Structures are given as structure tokens and as C-alpha cells.
Amino acid sequence: MATADASFGQGHHLHLIDGSAYIFRAYHALPPLTRKSDGLPVGAVAGFCNILFRYLENNKNGDAPTHVAVIFDHSSKTFRNDIYPEYKANRPELPEDLRPQFPLTREATRAFNVSCIETEGYEADDIIATLSCKARDAGGKVTIISSDKDLMQLVGNGVFMLDPMKNREIGPEEVLEKFGVPPERVVDVQALAGDSVDNVPGAPGIGIKTAALLIQEYGDLDTLLERAGEIKQPKRRETLIGHAEQIRISRRLVQLDCDTPLDFTLESLEVRKPDPEALMDFLNQMEFRTLTRRVAESLKVEAPPAPETPAAAAGPETAEPGITALPFDHSAYEWIRDAAALQVWIDEIAEQGYVAIDTETTSLDEMRAELVGISLATRAGRACYIPLAHRQGGGDLFGSSDLVEGQLPIDVALALLKPVLEDAAILKIGQNMKYDWKIFARHGIDVAPIDDTMLMSSALYAGQHLHGMDTLSDRYLGHQPIPIKSLLGSGKAQITFDRVPVEEAVKYAAEDADITLRLWQMLKPRLHRGHVTTVYETLERPLVPVLARMEMAGVQVDRDTLSRMSNAFAQKMAGLEAEIQELAGRSFNVGSPKQLGEILFDELGLPGGSKGKTGAYSTGADVLEDLATEHELPRRVLDWRQLAKLKSTYTDALQDHINPETGRVHTSYSLVGAVTGRLSSTDPNLQNIPVRSEEGRRIREAFVAPKGRVMVTLDYSQIELRILAHIADIPALKQAFKDGIDIHAMTASEMFGVPVEGMEPSIRRQAKAINFGVIYGISGFGLARNLRIPRAEAQGFIDRYFERFPGIKEYMSETVKFAQEKGYVQTLFGRKIHTPEINAKGPGAGFAKRAAINAPIQGTAADIIRRAMVRMPQAINGLDAKMLLQVHDELLFEVAEDAVAPLIDAARAVMEGAAAPAVHLTVPVTVDAGQGTNWAEAH
DNA sequence: GCTCTCACG
DNA sequence: GACGTACGTGAGAGCA
């Protein structure tokens, strides 16, 4: 064995282990595994340690290495991206539970006392190439432990490869077998053939076989390209001449760099025995019990007792969640005052691979909010706050604008954080990340990749509880966060966050990041156990940037149109109000249901007055509708109410939501607003803009496309009924959808035995009500009220419907049974909606049953449009078009005039095919399109 | 803050 | 046998 001061040379044997390949192999070979105490994903680390341990054990005898190192990729960006920006661009995103394990595998390597090498800007392959060259030149032997074909160019002259999977040595002969050329010509072949995995372009239409033939014939690539004109096959000839430059670039991409800068010597890689204490410590910390024991046996030391962690002691969390024992210590949170302090955190984050993050701002409206500070957390209890724009509180009338001491300038802080926030190897964890994503986006930072504890909670617990931070913290951490009100106050005296003293802000903000991190540690591993990882990863998380961009784009709303309508409404209302007072015989507040009830039922003595549980008369639209046959007044009130609604909620309120900077209205979508998976829209709600009444529909005329652009809407036709036909498997309904016939008329025809041709509109209307009723969990009472027919008659319709479509009844009872047994129902895509009330006694059970029947249908429709939205940006990339709004089964776009047709084609294709490939629907899905200068026209 | 009413899918 | 009921949302106004 070599000694430390002897230089590397003859008789020495260097082993180079391709660390990244080991990690991926370990990750994919093993089921997801998390550390018991805190849920940290460690499956790949465990696999990596096992492989490394086995390798070291095997090398105790025989042709043992004298020197060894594990080489890792440093980051995704390398010098090859400068040559060709698209290099490795189509690599799928790293699984999010793998990312945080990268730094841990480095730690593992060091714990085994094996040199761990990575260099910024270079791939592991380049470092392996450089070390191989150096070792070979020094007269030593080299074995590269990897099966990566890109490394085969290094084989020869004492350099071998060892395929760790097959335990097979790869020498020049095996390379010749694989590439048809000797190792030194492998680069030429790869340059021609390209590589779809790494996105190396190569020469189109030329694969390894053809490339090898060409190189065999012409000797090497340069000669081949020089004499390309001599190639007999015309197509090959043209390809090579036409793509010569691309081929040369490809060669530079595949050519490994033997001159990577190294800050260590070959000698320093000498094989060392692991330090038992350090290794045991690491394995124990990872909570790898079996491996710890086996390593202890091998090293002939005693295995330390496995730590009994508080969370592990709390047992399975399914019944009642375990509570983290580590208390919240607000005094431990750090105030970041300068760049040096921030850099310490950034280094720690880079090393760890993940960070919880939260932003503090001056407003809840992300489009107007100013960034005030940022908090970070790396471990439970370890969090900091970076104040950026805190101002002296109180002060004079104008509010002092002096910045508080001890803050980093925003530009400086963001410049330092940007690489972290955009680093593909660092996971950014947030609670409701869409908010923070938008704040950072407004500062030119594209935060990725992300995790969101709120969305995890929704995927896991929809229907059980809400998903706000306070709820989650209380429930899963047993901790009540500092209320924001204690900092800002409430009502008139409320201040903005930039006026909060930094000392207090540190406690509040850092705590939020700390909580988020702990929630992540707790919820993340539960995704797998709850079988909702796919739901989270395909239906929740990817929507964050999609929705954020839609919200930031906003929709143009014409203030003048709204203003004119407001005035017109006000006039009409004044006229109606006078008439109403006249009819009532006295003046009263028409807008007060209480006063109206007294007028109608006490003073005018109209029939049908019924009091609700609060003791007030019910004056809803249906009640007034019935009274309208008896008296003039209710009709007038109905008209007045319609106008009042349109004016207050739409024409007036909407104007206040026009952003002064963009001139547009920016709604905010909630991914967790509805238990079924539907989105909800707030501030303002743009999912309930009137359309059913003629008068109301005109409000959509104010939603306009700018000059030269067009509003385009695409909406799913009868999506929920189609899903019902599929799920309940109703042949007659499915056939009707396949034939494209009017589904309500068909239902009526089946039920009442009348032909579709020349059908009475009232018959069709009744069938339509039944079809909808089914989706909602039909009851005789509900249908009777909706159709204004006797309850017995309604029940008769339902009976006939079930007789005709027995599958529907079966679906309904099966779904309820499923819910009663499991406590939840599911969509076709696996989204779970919990039904905690399903086994309750009393009226609650009725609600829960109907909700359980409806949820899979409404939820599946929601999943389908979510899938379409996730795919949409890619599908319309290159078109001058923006997706602006979603209204449950409709998507609204703003499109350049000349891009309308291709936009409709592309968007329709995505929407109609959105269920595939996860679910194969046995009914066709169709999408209707419309266009116009405003939303009313487009619809 | 709660209730009623009503806008949407 | 009675109980209240269509499913899912958000917002404005009145009233305590």
C-alpha cells in the first residue's frame, strides 16, 4: 500500500466512483423511505450507503484500490451550456423527494472517509476524465465505476470501467462492441449520433450504427467532414454538409475535459479507513438501523442504541398526529443584518438542498404588495428573518420614510438570494407559495422548484379541515403561531408590516418559516402513505406557476362601460324604489329582507310567509316569484334586487379592482378553496360574472381585449354528465354522447317515451333538471322544488329515471357505501375528498351523502381542467396568446388576431385530451370555442 | 361577526 | 316516523 508522502504512480490503482449514477440507482431501486423522527426523505441515501458499504467490503481482498474517490455533479449548469444552451435541457425535473438527499449523500461519502469531489461548472464526467488522465500519465491503473457510455471514451492505456450493475469490466473490446469504434473514436461517433437524453443534437437521422460505419470508412470526424462531399448516399451527404457546425458543437459537448481545475492531489485520494465514531454517528443520525448494525459488525465496534425520537415515540400519526417535541424558541431566531450573515445561510441552504421561505409584505394583494422582508428556515428551530424595508414607526403625519438600521438593501439581498431561489438543486418550501412566487416574480426571480405545505394538506386532508397555516400548525405541531393582529392591530388603527418593529417582525416572520419547515417534514412523507403523491405532484403543485402567471396577466376591464352601466342601474332602481314604496304604502329599506318581510306578510297580509330559524320571514327569489302572481310588489322587488346585485357586486365593485398600474383586474385563485378540487376566485371573484340574465350578461361587455387582440373562450360541453356516464357506466348515455345528440332530449325521450323530434320544450326542461339533480345527489323534495311540481310527481320522475338507468342508482349507493366504509370518496385521478359527516345521525347525514355522490363527479371535472391548464403553457408556447381566466369548465384567453385559429386548435386539443393518459374515458370529451372583442361576444 | 340573498359552474 | 335537502363556491348589504 502507498504511503501518504509517496507520489501516485506505478503500482497504484485509482478507483473513481460515479456518485450521481449511484444516487439515481439507489433512488429508483428502493421504495420511498423517510426518516422516522422527522419524515426527511432518505431512501436514496440509504441505498447509496448500502452500495458504498458493499463496494468497500468487496474491495478488502483481491485487486484492491490504493486510491479512491466519489465524484458528484456540482449543479446542472456547466460550461457546456455556454457552448449549447439546450444541453440537457429536456431532462425531466428531479423528483422533489430526491433533491434534498443530494447533500446527504456527500455527507455519507465523507462519513465513510472516502474523498468526495465536485467542481462548480463541471460535470462529474469531466472530473473523472481529468483524474483518469492524470493517474494514467503517472503510470497508475484506473477503474471507473460506472456504466455511463459517455465515459467509454476514456477506456484504454490502463483505464478500465466497471459496470457496477453487472459487475462486468469494460475494456477496449467492450467499447468496440458497443460503438463499433475504438475508445479514442467514441467521441466522433457520439458527435454524429447525438444523444436525446442529454439533448446533444448530432446529425439528424444518423444513429450509432451509421456513425460507426462512417468513422470506420474515413478514419476520424475531421476527415469525414472535410470529405463529406464524397459520400455516396445523397441524404447522408447532405445531412453531414448541412449540419457540419452542429456536429462540431456536438463533439465539443460529448468531449470530456481532461483539464478540469483540481484543488487536490492524486495522493490525497489514498484509501483511508473510516473513523468508526464519525461513521456510526452519521448512520445513527440517519436512523438506518440495519446498516448501522452491519457496519458496526464489520468495524468491530459497538452499535450505538437507536435514538428514541419524540415523534417516533408518538406512534403512527393516522389517528392523532404526532406532536413535535422541539419547542418554538422565538429568541433563537436570527436577525440578518448584512450580506455576510446572509451568505452563511445561503451556504447552509446550498449544502442542505432545501429551505423553507416566507415573504412579508405591505399588502395581501400580491400585485400591489411591497416586499418588506424574507424569512428562511433550514431546520426545525433554526430560522432567520431578513428585514429589507422596515420604516420608523408612528412618527409624523406623513409617516417617516427613514429605513430602520440593520437592514440589507433589497437589491443586495435579492441578488444574493436569486441564485438560491432559481437553483434547480434547491427545493423552496412555502405555505401558499403562489403568493411568494408572485412577489419574487415581480422582482425578476423565477422561483423553482417548490413545495407547498398548504397544497400537501389539501391533497391529504380535503374535507377534514382547512389548510391555513394556523390550522395546520395547531393540528400538526400543537403550536399556536403569533397572531398577525398582535403586530398590525386591527380596524382603523391597523398598520402595515413595514411599520412593525424589526425585533417583533423577526419573531413572527421567522416563526412562519420555521412552522412551514416543520409542517413539510411532517406532511411530506404522508403523501406516499396516503397515496396522494401523484395528486400532489400532477394536480396541485404544478398549477402554482400557471395560476400565478394568469393572475399577474389579469384581464382588461373597461371602466367607462361599467360606470355607464352603474348610472343606468341607479336610475332604474330609483324608479323601481318609488313604485315599491307606493305599492307598500310607506317608505322602507327595500334592501332589508327583514323590513320587506314585515311589509309583505304582516302589513299586506300576503300568504306563504314562513319564518326561518332566526325568526325572520324568508324573502328569497323563489318566495317572491310565487307571490308575484298575487301582487305587483314582489315582482318589482325582484327587479330591484337584480339591479342592486349587478350594481353593487359588479359594476361598482369591479371598478375598484382595476389595478392603477396595469389597468387590468387581477383576481386571486385559491387551489384549496373548494374541497372537490375546484378552484375558487377572490378579490374579485371572476368566476361568477353574470351570464344567465340578459341584463347581467352585458357586464361581460366590459371584459375586453386590447386593440389588435381577441377574447377567446373554450368550454367543456356537459363535462360532468359525461363523467357520470363514464363512472356509472350507462350505455345509453354514453352512446348518446358518442352520437353527439342532445343529452337532455334523449333523457326525456327515454323516460317519457316521446320522440326527440318535435319534443315539447317543457319536457326537455324537466329531463334537464333531472340530469342535473342526479349529479347533485337527487331527492324528490329538491327536484319538486326546482321544477315547482308536487313532491310525489317529482319522486315518480326519479323512480322512472332509475328504472331506465339502473347504473346511476347503483353508482349512488356504491359511492355512499364507499364513503361510509372509508371515510372519503375519490375522483378518477385519485384525489381524495373526506366525508367525516357521512356516518352522522340526523340531517347532517343527508347532506354528507349528497356531497359524497357529487364530489367524485365535480372533482373529476376539476382534475381534468387542472391537467389541461398544466399542459397549456407548453402547448401554446410560441403563439401570441395568454391564458387569463378559469371558470370551472371554461378557459378564457387573450390572443393576437392572427393567432386565434392556431390557439383554438392547440387549446382544444389539450382540453379534450386532458384526461389521458392517466385515465381513458369511455365517452368523448368535446370543447366549444367562441371569440369576440369582449367576453360577452366570445361566449 | 353573522345572516340573508344572489351571482356563477 | 320525522327531520330538512338539491352539489360546489364568494361577495355585498343589513343588522346586532
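Letters A, B, ... mirror the listed sequences (proteins, then strands); counts begin at 1. It should be emphasised that the depicted structure is a prediction, and the values quoted were computed from it without experimental measurement.
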When all nucleic acid strands are considered with a 4.0 Å heavy-atom cut-off, which category describes A769(A): base, sugar-phosphate, or nothing?
base
R641(A) side chain: which of dT5(B), dA7(B), dC7(C) is closest?
dT5(B)
With a 4.0 Å cutoff (strictly under), does any side-chain N or O of T649(A) reach OP1 or OP2 of dG10(C)?
no
Under 4.0 Å, counting only non-hydrogen atoms across every strand here, what does F847(A) touch: a base, just sugar-phosphate, or nothing?
sugar-phosphate
Against the side chain of H888(A), the closest entry in dG9(B), dT5(C), dG10(C) is dG9(B)
Has the side chain of R664(A) got a donor or acceptor atom that lies under 3.5 Å from a matching backbone atom of G554(A)?
yes
With no hydrogens and no angle check, just 3.5 Å: does a side-chain donor-acceptor pair link N589(A) and Q595(A)?
no
Kindly point out which of dA7(B), dC6(B), dG4(C) is positioned nearest to the side chain of A621(A)?
dC6(B)
Reckon Q595(A) touches a base, only the sugar-phosphate, or nothing at all at heavy-atom distances under 4.0 Å?
sugar-phosphate
Establish, with yes or no, whether the OP1 or OP2 oxygen of dG14(C) is under 4.0 angstrom from a side-chain nitrogen or oxygen of N589(A).
yes
Could you give the CE-to-C1' distance, from M573(A) to dG12(C), as a whole number of Å?
12 Å
Picking from dG12(C), dC8(B), dA6(C), which would you name as closest to the side chain of N786(A)?
dA6(C)
Assign R697(A) to base, sugar-phosphate, or nothing according to its heavy-atom contacts below 4.0 angstrom with the strands shown.
nothing
Just to be sure I understand the rule, does N685(A) reach a base, reach only the sugar-phosphate, or reach nothing, if contact means heavy atoms closer than 4.0 Å?
sugar-phosphate
Quick note, V675(A) side chain, CB onward, closest among dA6(C), dC7(C), dT9(C) is dT9(C)
Quote, to the nearest angstrom, the P distance that separates dC6(B) from dG4(C).
23 Å
Hey, is K434(A) close enough to E551(A) for a salt bridge, meaning N to O under 4.0 Å?
yes
Where the side chain of I778(A) is concerned, which of dA6(C), dG9(B), dA11(C) is the nearest nucleotide?
dA6(C)
Is R785(A) close enough to dA6(C) that one of its side-chain N or O atoms is under 4.0 Å from OP1 or OP2 there?
yes
Touch check for A653(A), heavy atoms < 4.0 angstrom, all strands: base, sugar-phosphate only, or nothing?
sugar-phosphate
Hey, is the side chain of R850(A) pairing donor to acceptor with the base of dG8(C) inside 3.5 Å?
no
Quickly work out the M812(A) CE to dA6(C) C1' distance and round it to whole Å.
10 Å
Tell me: CZ of F772(A) to P of dC7(C), nearest whole Å?
15 Å
Please report the distance, rounded to the nearest Å, between NZ in K849(A) and P in dC3(C).
18 Å
Taking a pair as Watson-Crick or G-U wobble with both distances under 3.5 Å, which nucleotide is matched to dG14(C)?
dC2(B)
Out of dA13(C), dC7(C), dG10(C), minimum distance to the side chain of S680(A) belongs to dG10(C)
So what does G620(A) touch, heavy atoms closer than 4.0 Å: a base, only the sugar-phosphate, or nothing?
sugar-phosphate
Rounding to an integer number of Å, can you tell me how far E837(A) CD sits from dT5(C) C1'?
15 Å
Output, in order, the C-alpha distance, side-chain angles, deciding distance and verdict of salt bridge (Lys or Arg N to Asp or Glu O under 4.0 Å) for E577(A) and R636(A).
CA-CA 8 Å; E577(A) 211 167 322; R636(A) 297 279 192 281; over 6 Å; no
Considering every strand and a 4.0 Å limit on heavy-atom distances, what is the contact class for I853(A): base, sugar-phosphate, or nothing?
nothing
Output yes when at least one side-chain N/O atom of T619(A) is less than 4.0 Å from OP1 or OP2 of dT5(B), else no.
yes
What interatomic distance, in whole Å, is found between C1' of dC3(C) and the corresponding atom of dT5(B)?
25 Å
When rounded to whole Å, the CG to P distance for the pair N688(A) and dC8(B) reads 8 Å
Would you check if there is a donor-acceptor pair between the side chains of D652(A) and S566(A) at a distance under 3.5 Å?
yes
Check: R722(A)/T926(A) side-chain N/O donor and acceptor closer than 3.5 Å:
yes
Touch check for S592(A), heavy atoms < 4.0 angstrom, all strands: base, sugar-phosphate only, or nothing?
sugar-phosphate
Would you say Y716(A)'s side chain and M911(A)'s backbone share a donor-acceptor pair under 3.5 angstrom?
yes
Would you classify G777(A) as touching base, sugar-phosphate or nothing, given that sugar-phosphate means primed atoms plus P, OP1 and OP2, and contacts are heavy atoms under 4.0 Å?
nothing
Which of the following nucleotides, dA7(B), dT5(C), dA6(C), is nearest to the side chain of F781(A)?
dT5(C)
Would you say the side chain of R678(A) and the base of dT9(C) hold a donor-acceptor pair, judged only by whether the two atoms sit under 3.5 Å apart?
no
Which of the following nucleotides, dC4(B), dA13(C), dG8(C), is nearest to the side chain of A851(A)?
dG8(C)
Would a line drawn from the ring center of F797(A) to the ring center of Y801(A) be shorter than 6.0 Å?
no
Pick base, sugar-phosphate or nothing for Q642(A), based on heavy-atom distances below 4.0 Å to the nucleic acid.
sugar-phosphate
Counting only side-chain heavy atoms from C-beta out, which of dC4(B), dG9(B), dC15(C) sits nearest to Q858(A)?
dG9(B)
To the nearest Å, how far apart are L646(A) CG and dA11(C) P?
17 Å
To the nearest angstrom, how far is H657(A) atom NE2 from dG10(C) atom P?
14 Å
